[in-house]
2 protein chains.
Amino acid sequence: MSEKWIAGVDLGGTTTKLAFINLYGEIIHKWEISTDIANGGKNITTNIAKAIDQKLVELDQPKEKLLGIGMGAPGPVNLTTGVIYEAVNLGWKNEYPLKDLLEVETSLPAVIDNDANCAALGEMWKGAGNGAKDLVCVTLGTGVGGGVIANGDIVQGVNGAAGEIGHITSVITGGAPCNCGKTGCLETVASATGIVRLASEKLKGAEDKGELVDIFTRNGEITAKDVFEAATKQDPLAEEVVAEVAFHLGLVLASIANTLNPEKIVLGGGVSKAGDILLNSVQKHFVNHAFPRIAKSTQLALATLGNDAGVIGAAWLVKNKID
Amino acid sequence: MSEKWIAGVDLGGTTTKLAFINLYGEIIHKWEISTDIANGGKNITTNIAKAIDQKLVELDQPKEKLLGIGMGAPGPVNLTTGVIYEAVNLGWKNEYPLKDLLEVETSLPAVIDNDANCAALGEMWKGAGNGAKDLVCVTLGTGVGGGVIANGDIVQGVNGAAGEIGHITSVITGGAPCNCGKTGCLETVASATGIVRLASEKLKGAEDKGELVDIFTRNGEITAKDVFEAATKQDPLAEEVVAEVAFHLGLVLASIANTLNPEKIVLGGGVSKAGDILLNSVQKHFVNHAFPRIAKSTQLALATLGNDAGVIGAAWLVKNKID
């Protein structure tokens with residue numbers, strides 16, 4: 001048959017990323033639309049269907065070119081029913097029947113999964129995972145999310161909540177409050193938000209001059225990126241923050257590795273763009289806390305697909321279903 | 001066909017447990033032989049083959065009654081090659097070809113896996129797991145071992161070392177040294193050995209009289225069982241030890257649950273015989289450290305198969321292979 005495509009969709013609270021992807025995981029065409037969360041998010045699936053149809057017309061392709069639609073959605077998903085339990089940022093509540101709605105709107109077979117899981121599948125298929133069948137993907141963004149792949153399949157867990165790596169307790173005593181209601185979650189130190197919080201706390205007490213103090217004085221605020229840039233320039237305060245972040249990440253990733261011994265743990269998301277200054281420091285603490293046989297065999301790596309991981313993983317859902 | 005049996009074997013450093021088990025997981029006959037670790041463990045597979053043949057004669061059954069042999073072995077296993085990387089307690093080194101030797105000696109198809117994995121499979125099939133396809137089994141014995149089942153299959157990890165739950169760092173600073181070379185592993189506090197260590201440390205500084213002090217004075221030593229019995233009688237020092245053990249177990253099991261959201265986490269091994277006094281206390285700390293959605297859906301339970309979990313899980317390996 002002539003080459004078929006899959007529509008891969010990565011649904012976010014602000015932007016929806018879309019792509020046509022072939023069966024080799026290559027992106028043929030990608031674009032974005034804004035996510036309309038008005039009226040409890042009821043226009044979202046319609047807008048996606050319209051966007052796909054318009055793009056097909058634009059590319060002069062028939063609907064039959066598409067084998068199906070795969071979507072990563074920001075919330076826990078029931079794979080059997082295709083229901084998303086809730087997606088707070090989109091206004092979807094009470095077991096929203098996302099798969100059924102997508103199929104009705106697009107007239108395509110649909111497969112859905114959680115967005116962090118799709119990112120993990122994308123990295124497994126075409127990214128840093130490089131085909132590894134045992135893979136954990138940790139997304140360090142505004143929050144910290146995770147996707148766990150064991151024996152080649154996503155681990156969903158009994159209630160669709162596997163991969164809540166950001167909520168592993170890392171600061172045992174005196175940890176900061178987390179949005180989830182607990183304290184000391186990894187997310188409170190290793191997300192962009194957590195890094196800014198740690199840096200701000202240290203800035204309050206800082207008497208020394210330095211790169212980070214300068215940035216704060218100049219801009220009235222700091223970002224996670226500022227912290228890593230200042231650390232690269234050996235600013236002591238920024239180095240302290242990076243060391244603290246790396247300690248907790250290394251500790252938690254080692255706990256995960258001691259449980260699963262994955263081939264790779266892939267770090268993605270905005271914070272991971274810090275690159276080697278973060279990875280090398282995390283690696284040191286990882287080795288200190290991983291069982292020796294596991295420290296030798298489980299590798300840490302930076303994600304390579306960036307923002308494309310989600311749409312590629314979403315396309316994989318469809319490919320995996322039809323294979 | 002008339003009812004067929006599987007030979008299930010749970011190989012330990014001192015004792016080898018054997019059983020004939022039907023395809024419903026029911027034990028028809030079980031017995032033990034001692035494990036001969038002389039000469040680098042070279043007699044072990046021969047002794048098992050003899051024991052099976054003798055028992056068949058004794059029960060007046062032909063060899064054809066057996067579909068195969070499944071074995072749980074005390075070390076990391078390569079499922080593809082049927083090799084055990086090493087089993088220090090048995091004298092086996094350098095990728096010992098266990099599956100091949102078993103097949104040659106017994107003339108039966110053989111399937112092997114790690115003993116902790118077999119215990120987990122046994123509990124999944126016929127025990128506390130009750131068929132749960134996402135299950136973690138933690139064995140609290142002399143050490144702390146673990147078996148992880150996701151999507152109905154054992155997670156082996158890239159180097160056969162998944163499930164090293166006992167070596168998750170739980171005491172972050174000032175932890176006791178562990179046999180693995182790290183410090184502060186869960187095993188240093190939640191194994192029988194760890195519990196005795198914690199109690200002994202507290203006894204050294206104890207000025208108060210009490211149940212545990214009395215036992216120590218009387219016997220010159222204490223056991224993990226003594227600690228739980230004294231705690232049941234509200235001995236404050238024993239209660240302190242149990243609280244510390246339960247805190248660390250609750251913390252680590254919550255980390256595992258936040259990663260995998262299994263339907264159940266089953267506690268087995270000698271220490272788990274403490275029963276509800278341990279489970280209830282662990283549960284409290286588990287809920288404090290688990291992501292709320294996971295605290296609600298992942299259950300903690302006590303193992304129900306006791307010493308039979310290993311042979312039943314070993315039989316499941318064969319059943320799963322032929323199904």
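In what follows, chains are A, B, ... by sequence order, proteins preceding strands, each numbered from 1.
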### Query
In terms of heavy-atom pairs under 4.5 Å, which option from I165(B), T183(B), D134(B), V155(B) contacts chain A the most?
V155(B)
### Message
Looking at chain A, which one of K133(B), E263(B), E164(B) has the largest number of heavy-atom pairs inside 4.5 Å, strictly under?
### Response
E164(B)
### Query
Which atoms of L186(A) come close to chain B, meaning under 4.5 Å heavy atom to heavy atom: side chain ones, backbone ones, both, or neither?
neither
### Task
Under 4.5 Å, counting heavy-atom pairs only, tell me which of A161(B), C180(B), A257(B), S297(B) racks up the most with chain A.
A161(B)
## Note on the structure
Minimal heavy-atom distance between N261(B) and A162(A), with the atoms involved, is CB-N, 3.4 Å
### Task
Rounded to the nearest 0.5 Å, what's the gap from OG1 on T169(B) to CG on N288(A)? Could you check?
8.5 Å
### Query
Where is the tightest heavy-atom contact between I154(A) and N151(B), given as atom of each residue plus distance?
O-ND2, 3.2 Å
### Query
Nearest heavy-atom pair of S255(B) and I168(A): which atoms, and what distance?
OG-CG2, 3.4 Å
### Query
Side chain, backbone, both or neither: which part of P292(A) has an atom under 4.5 Å from a heavy atom of chain B?
side chain
### Task
Tell me, for A290(A) versus chain B, whether the close heavy atoms (under 4.5 Å) come from the side chain, the backbone, both or neither.
backbone
### Residue pair N159(A), K296(B): steps toward the side-chain contact (heavy atoms from CB on, under 4.5 Å) verdict
CA-CA 9 Å; N159(A) 206 4; K296(B) 278 183 209 140; 5.5 Å; no
#### Entry: Minimum heavy-atom distance V148(A)-T259(B), with the two atoms named
CG2-O, 3.7 Å
### Query
Where is the tightest heavy-atom contact between F291(A) and K182(B), given as atom of each residue plus distance?
N-CD, 4.1 Å
#### Entry: Top contributor to chain A contacts, counting heavy-atom pairs under 4.5 Å, from R293(B), K264(B), Q156(B), H289(B)
R293(B)
### Interface residue of largest heavy-atom contact number with chain B, from I256(A), V252(A), I172(A), D153(A), under 4.5 Å
I172(A)
### Query
With only heavy atoms counted, which part of L260(B) is less than 4.5 Å from chain A, the side chain, the backbone, both or neither?
both
### N179(A) CG: over 12 foreign heavy atoms closer than 6.0 Å
no
